[in-house]
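By convention in this document, chain letters (A, B, ...) are assigned in the order of the sequence lines, proteins followed by strands, and residues within each chain are numbered from 1. No hydrogens, no waters, no symmetry mates; every other heavy atom, side chains included, goes into these values.
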Number of protein chains: 2
Amino acid sequence: MKRDSRLSSVLHALLHMAEREGPMTSGELAACMRTHPVVMRRTMGMLRAAGLVRSASGPQGGWRISADLAKVTLRQLHETLGEPAIFAVGNRHETPACLVEQSVNAALDGAFAEAEALLLARFGQITLADLAADFSRRHAAWRERNA
Amino acid sequence: MKRDSRLSSVLHALLHMAEREGPMTSGELAACMRTHPVVMRRTMGMLRAAGLVRSASGPQGGWRISADLAKVTLRQLHETLGEPAIFAVGNRHETPACLVEQSVNAALDGAFAEAEALLLARFGQITLADLAADFSRRHAAWRERNA
DNA sequence: TCAATTCGTAATAAATGAAGTTACATGAAG
DNA sequence: CTTCATGTAACTTCATTTATTACGAATTGA
């Protein structure tokens with residue numbers, strides 16, 4: 001199964017943008033991600049629709065963050081991306097007539113719901129500012145090593 | 001992304017088998033699941049390799065449970081099925097050189113690891129006997145309603 | 001022994017959805 | 001008006017599960 005890596009992508013993009021003065025073009029972002037500029041436009045476009053970033057055409061154009069890093073959580077980004085399915089494992093049929101299958105679904109749904117709630121709660125606690133701070137620490141440590 | 005429903009399938013199959021005296025053929029199981037007999041053979045074959053079920057060829061052949069329902073947990077079945085990836089969402093690159101991406105991955109990996117640990121812990125607490133008991137309750141309630 | 005039943009398994013196709021690509025239109029800077 | 005950049009539709013590629021076909025092997029019972 002192919003994993004959805006859009007959340008990972010937009011986080012990577014937003015953090016690079018946060019480390020920069022001017023805007024970043026789709027091409028620059030795509031180079032960071034080793035992907036295609038159109039893929040970046042498509043994905044970042046969802047953030048633009050939510051008002052988290054802005055884009056501009058033409059020379060000196062590109063993408064800029066238009067939100068407070070301390071107020072944007074991973075959960076919010078997950079929602080902005082359309083809340084894609086988190087689990088790659090699931091029930092065979094969603095609303096089966098078979099009573100046996102209903103028991104199976106109830107057990108699995110319960111466990112998955114708990115895990116999803118935990119994951120989303122964690123996502124709700126992590127902001128872009130937290131990630132930026134983590135990056136600063138890693139960057140400082142890296143400079144230390146290469147001093 | 002296509003969801004892996006094999007755990008759901010084998011649970012459904014095992015519970016039907018538990019409700020039965022004799023063996024069940026791949027065709028009967030496939031009819032319960034609305035799928036193809038070969039799919040059942042393939043999936044059940046993994047359980048057979050782990051000693052959880054037995055199969056026999058020829059007339060009066062089919063599949064039987066060869067384990068104690070109270071001792072088989074959902075976690076064990078998940079492992080028997082090869083521990084398929086639980087999440088449909090993940091990192092773009094697993095071991096990036098980019099420090100920014102390392103921060104992103106660290107945050108996501110932490111949250112996913114917690115959620116996975118919770119899910120597997122829950123799976124470890126649920127046995128086939130629990131599901132069979134839940135089915136009995138549902139079945140009794142169903143007979144009550146249709147009395 | 002023969003016919004029917006059932007599993008075992010390889011090979012292949014269908015289905016799904018993200019990712020990648022192409023093509024072209026739109027808009028801004030100079 | 002040329003260049004750079006986004007916007008977006010259409011299409012292809014890729015990965016993975018599920019479904020199907022085909023055929024072989026084993027078992028039962030007449």
Length of the CZ-C1' vector between F87(A) and dT16(C), whole Å | 20 Å

Got a sec, which residues hit ring-ring contact (aromatic ring centres under 6.0 Å, His included) with F135(B), two or more places apart in sequence or on another chain?
-> H139(B)

Please check the phosphate of dC7(C) (OP1 and OP2 only) for any side-chain N or O of S26(B) closer than 4.0 Å.
-> yes

In the hydrophobic clustering that connects Ile, Leu, Val, Met, Phe, Trp and Tyr at side-chain heavy-atom distances below 4.5 Å, which members other than L118(B) occupy its cluster, ordered by chain and number?
-> L118(A)

Whole-Å distance between dT5(C) P and E28(B) CD?
-> 13 Å

DNA chain C-proximal residues of residues 92-109 of chain B, any heavy atom under 4.0 Å = R92(B)

State, without any angle test, whether S8(B) and R92(A) hold a side-chain donor-acceptor pair at a distance under 3.5 Å.
-> no

In whole angstroms, how far is the P atom of dT17(D) from the CE atom of M46(B)?
-> 10 Å

Nucleotide nearest D4(B) when distance is taken to its side chain, options dA5(D), dA19(D), dT18(D) | dT18(D)

Residue-level proximity of residues 56-65 of chain B to DNA chain D when a heavy atom falls under 4.0 Å = S57(B), G58(B), P59(B), Q60(B)

Atom-to-atom span, CZ of R48(A) to P of dA5(D) - whole angstrom = 16 Å

Nearest-0.5 Å distance, CD1 of residue I126(B) to CZ of residue R75(B) | 12.5 Å

Do M24(A) and V39(A) belong together in a cluster built from hydrophobic side chains that touch within less than 4.5 Å?
-> no

V38(A)-V53(A) co-clustered via ILVMFWY side chain contacts under 4.5 Å = no

More than 12 heavy atoms of other groups within 6.0 Å of E144(A) CD = no

Starting at atom CZ of R3(A), determine the distance to atom C1' of dT16(C), rounded to an integer number of angstrom.
-> 18 Å

Phosphate-side-chain proximity, S5(A) and dA19(C), N/O vs OP1/OP2 below 4.0 Å | yes

Side-chain N or O of S55(B) closer than 4.0 Å to phosphate OP1/OP2 of dT6(C) = no

Could you give the CG-to-C1' distance, from L81(B) to dT17(D), as a whole number of Å?
-> 13 Å

Residues E94(B), R3(A): salt bridge by 4.0 Å N-O rule | yes

Heavy-atom contacts under 4.0 Å between residues 37-45 of chain A and DNA chain C, which residues?
-> V38(A), V39(A), R42(A)

Take atom NE2 of H36(A) and atom P of dA5(D), then tell me their distance rounded to the nearest Å.
-> 15 Å

Say whether R6(A) and T43(A), considering side chains only, have a donor N or O and an acceptor N or O under 3.5 Å apart.
-> no

Scan for salt bridge (charged side-chain N to carboxylate O under 4.0 Å, His left out) pairs involving residues 13-26 of chain B, sequence neighbours excluded, and state none if there are none.
-> R20(B)-E28(B)

Please state whether the rings of F87(A) and F112(A) are parallel, tilted or perpendicular, taking 30° and 60° as the class boundaries.
-> tilted

